[in-house]
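Take a look at the structure set out below.
These numbers were taken from a predicted model, which means no experiment stands behind them. The figures here come from the full heavy-atom set of this structure, side chains too, leaving out hydrogens, waters and symmetry mates.
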Amino acid sequence: MNLGLGTADIDAPGTDHFLLNESLAERRSVFLQGIELNARLNTLPSGGTLTLAEIGFGAGVNFLLTLQEWLTHRPPHTRLHYLGLDDHPLRKSMLEQALEQVPQLYDLASMLLADWPPPIKGCHRVHWPQWGVTLDLWWENTEDALVDLASRNRAWVNCWYFTSANEQADDALADQSTAQTSTAQTSTAQTSTVQESYAAIRRLSQHNASIAGYSSSVTTAKALQAVGFELANQTSVRPKRECFNGHLTAKTTERIRATHWDLNPSDNRPERVIVIGAGLAGAFIARSLAERGINVTVLDKGSIASGGSSNLQGLTYTRLSHRFAPLGDFSNAAYDHGTRLYQQLLRARALIPGDDADACGYLQVGNQETLEKLSGALESNHEFAEILTPTMAATRLGINHAGLYFPNALWLHPPAVCRERLNHPLIKVQENCGSIEYAHVNGQWQLTGPDGLALQTTTLILATAGNVGSSPFTDWLPLQAIRGQVTHVPANMKSRQLRCALCHDGYFPPQRHGVHCIGATYGPNDQRLDERIEDHEFNVNALSDWMPDLGFSESSTAHAGHVALRCTTADYLPIAGPVPDRDAFNRQYAALSKRKSMIISEPSPVVPGLWVLGGLGSRGLTAAPLAAESIAADMLGEPPPLPRYLQQAISPARFLHRALVRGAPL
């Protein structure tokens with residue numbers, strides 16, 4: 001696929017092999033008892049996390065059985081982090097058919113179905129905070145995913161389920177990994193890749209990690225034993241299939257030598273975090289941390305959702321690309337993650353339909369040439385996006401225009417989203433704090449402000465949009481203010497029939513309380529907040545050019561709206577991560593100016609306890625949820641929600657790294 005979407009292989013023969021041929025009792029015996037799950041739960045301390053990884057997620061039955069056990073025997077204040085790896089993910093329709101065979105798991109299966117991600121390459125995070133459960137579904141070549149995860153030099157995994165969907169292929173790979181010789185160059189390369197994946201399993205495993213699984217030959221067991229797993233005798237469960245279980249006994253002190261300029265050098269869990277900024281960025285990072293048991297104080301110089309988060313309506317939005325690139329890939333990953341979260345909040349009525357949000361989808365209108373290019377690239381992945389002809393759009397959406405339809409998109413009221421995210425018992429919000437000063441003194445961040453504000457913390461997060469770069473710690477970040485004006489127009493008879501949002505050069509969502517929000521102008525380096533007639537005319541005319549049938553025109557529309565500043569970066573990607581110490585970073589990695597492939601294995605120098613989330617531009621509703629999860633995972637030493645190249649793409653340190661490689665340090 002040539003989209004930056006990277007559609008994974010789907011509906012592969014044998015994907016649901018295990019589900020069709022095993023009883024639930026057999027699965028409990030082989031997997032749950034094989035890893036001694038009950039014993040693990042009984043010894044899990046308060047505040048602890050059990051991390052379990054499954055190779056060959058399939059229809060998720062092992063996950064559902066594990067979740068069932070977790071909900072029954074979970075110790076208080078603990079979390080389950082489940083990694084499911086599969087290079088042949090099921091379509092949602094096939095998953096539904098498969099799970100119909102296990103009615104005993106109906107309630108949990110319905111929950112999994114509701115949040116099932118599309119078959120697009122990458123990591124798809126599903127979070128159920130009410131249960132303390134995070135599910136990361138890696139739709140990716142298994143070997144690549146394992147090596148990517150292991151590149152962080154973190155041993156996360158307590159338990160492994162080995163349930164490869166394609167058993168014969170898996171045993172063939174294991175044969176390669178234990179082979180003594182290879183006669184062909186391609187075979188040698190395959191063997192090296194598989195050896196790397198088994199080595200990655202070892203590096204990802206905590207000491208005494210347990211493993212359980214199936215194999216139709218002894219080669220898988222041999223490959224695991226070769227990297228340090230001590231396995232019990234295999235037991236036959238049916239002809240040509242045997243189960244195995246065991247523990248990692250070898251010490252996993254090996255670390256990958258690389259230049260880890262993007263990684264947090266330490267993962268000490270803070271007792272308390274202060275976030276400056278109560279807009280979308282601040283609200284999402286505060287919630288991500290609070291759901292992990294961290295006390296968070298959020299400060300804002302004004303009120304919740306002021307500034308760029310104060311618009312009447314916004315959309316979850318992505319723009320497909322004809323090439324693989326970090327900007328498009330992150331945009332798609334963030335869109336997938338954000339829309340899933342908002343759909344959850346709507347189902348739970350944490351957001352009120354029609355007031356706070358609407359799961360309406362959006363139609364990206366375009367010319368025929370552009371749509372034809374995208375049509376061949378989408379490969380019928382209608383769960384993510386679909387090309388609609390004018391007739392199809394008219395029938396399904398009430399819009400007589402061809403376009404690219406995104407069925408999972410929503411319009412949202414940003415202030416309502418901010419308030420919902422900040423509504424948590426571990427989050428305290430202080431509004432109208434005025435200008436806040438901060439300094440690092442004796443290992444603590446000291447914060448002061450008007451009216452006697454005086455706070456301190458070891459961990460400070462800046463989520464202040466354009467003001468992020470106003471301190472000497474961050475003034476080198478290439479941030480730009482963008483003025484945006486939206487226009488509010490009353491709904492008319494035709495526009496009230498609109499069943500989805502429209503995107504052209506701007507956007508036009510269905511009405512909220514009888515008003516549409518048309519947006520938005522784009523004014524780089526213009527920080528004036530005056531409302532301008534000509535900008536209203538621009539918004540209305542842009543809509544009318546694409547959709548004249550809606551009946552809006554510059555001459556017939558009342559001019560009223562809202563102006564706010566957005567903050568974007570030089571490469572239009574967010575900045576999310578620890579703030580590097582610029583001078584120390586430039587000294588440590590100076591050799592990259594002469595040879596960019598130089599390995600400098602020292603930990604990246606950072607400003608102690610200082611983090612940043614910003615540069616969201618006009619896509620705060622879409623980008624903030626995933627960017628916040630990336631920060632929380634990196635800060636607390638958890639498995640990441642992003643492949644490594646995308647983590648690097650949003651790291652604040654990327655600008656220093658690029659400048660050094662170019663030979664012109666910042």
Side-chain angles (χ1 to χ4, degrees), residues 3-4 308 311-322 327-328 331-332 334-335 360-374 385 387-388 390 393 397 399-406 409-412 414 480-489 494-495 498 500-511 515-526 531-557 559-568 571-573 616-623:
L3 260 186
N311 277 332
L312 179 68
Q313 288 175 295
L315 291 179
T316 54
Y317 176 84
T318 188
R319 183 179 288 277
L320 301 186
S321 170
H322 291 285
L327 178 59
S331 179
N332 293 327
Y335 169 84
C360 58
Y362 78 83
L363 185 73
Q364 177 74 55
V365 297
N367 58 51
Q368 192 63 33
E369 181 182 357
T370 300
L371 294 177
E372 286 177 357
K373 289 180 180 179
L374 293 175
I387 300 291
L388 298 184
L397 307 174
I399 303 168
N400 189 25
H401 203 296
L404 181 61
Y405 178 53
F406 292 82
L410 308 91
W411 70 253
L412 298 118
Q480 183 181 34
I482 306 291
R483 181 187 186 276
Q485 180 172 311
V486 297
T487 301
H488 300 162
V489 297
K494 290 184 178 180
S495 71
L498 191 66
C500 79
L502 297 174
C503 289
H504 42 94
D505 295 328
Y507 69 93
F508 183 75
Q511 60 87 23
V515 175
H516 296 282
C517 181
I518 307 177
T521 61
Y522 188 87
N525 297 316
D526 184 349
E531 202 170 326
R532 302 170 189 171
I533 290 291
E534 61 269 26
D535 283 0
H536 288 310
E537 292 174 348
F538 174 87
N539 287 333
V540 175
N541 288 336
L543 173 65
S544 184
D545 287 345
W546 278 101
M547 304 298 298
D549 292 345
L550 285 174
F552 293 105
S553 67
E554 175 267 323
S555 60
S556 64
T557 303
H559 297 302
H562 179 68
V563 182
L565 298 180
R566 296 158 289 184
C567 177
T568 190
D571 57 10
Y572 301 104
L573 280 159
L616 303 179
S618 59
R619 301 187 186 181
L621 285 166
T622 307

Atom of [X], atom of [Y] and distance for their closest heavy-atom approach:
X    : Y    : result
V486 : G519 : CG1-CA, 3.9 Å
C360 : P510 : SG-CD, 4.0 Å
A564 : G308 : CB-CA, 3.9 Å
Y335 : T316 : CE1-O, 3.8 Å
P414 : G314 : CD-N, 4.2 Å
P509 : L315 : CB-CD2, 4.2 Å

What residues, two or more places apart in sequence or in another chain, satisfy side-chain hydrogen bond (donor to acceptor under 3.5 Å, both in side chains) together with S618? none
So H401 and P390, do their side chains get closer than 4.5 Å, heavy atoms only? no
Any side-chain heavy atom of W546 sitting closer than 4.5 Å to one from L502? no
State whether the side chain of [X] and the backbone N or O of [Y] hold a donor-acceptor pair below 3.5 Å, judged by distance alone.
X    : Y    : result
S544 : F552 : yes
R483 : P524 : no
T622 : Y317 : yes

Residues, nucleotides or ligands: over 12 heavy atoms within 6.0 Å of Y405 OH: yes
Point-to-point distance, once rounded to the nearest 0.5 Å, from [atom1] of [X] to [atom2] of [Y]:
X    : Y    : atom1 : atom2 : value
L616 : L573 : CG    : CG    : 11.0 Å
C500 : L397 : SG    : CG    : 4.5 Å
L498 : M547 : CG    : CE    : 7.5 Å
I399 : L550 : CD1   : CG    : 7.5 Å
I482 : L565 : CD1   : CG    : 9.5 Å
H488 : I518 : NE2   : CD1   : 9.5 Å

Is there a donor-acceptor contact under 3.5 Å linking the side chains of Q313 and H516? no
For D505, enumerate each residue passing the salt bridge (charged side-chain N to carboxylate O under 4.0 Å, His left out) test, keeping only those at least two apart in sequence or located in another chain. none
Please list, chain by chain and in numerical order, all residues satisfying salt bridge (charged side-chain N to carboxylate O under 4.0 Å, His left out) with D549, sequence neighbours excluded. none
Among E531, H562, H536, which residue meets the side-chain hydrogen bond (donor to acceptor under 3.5 Å, both in side chains) test with Q485? H536
Give the intermediate values and the outcome of side-chain contact (heavy atoms from CB on, under 4.5 Å) for residues N539 and T521. CA-CA 7 Å; N539 287 333; T521 61; 3.7 Å; yes
Using the benzene-type ring in the case of Trp, are the ring centres of Y507 and Y362 under 6.0 Å apart? no
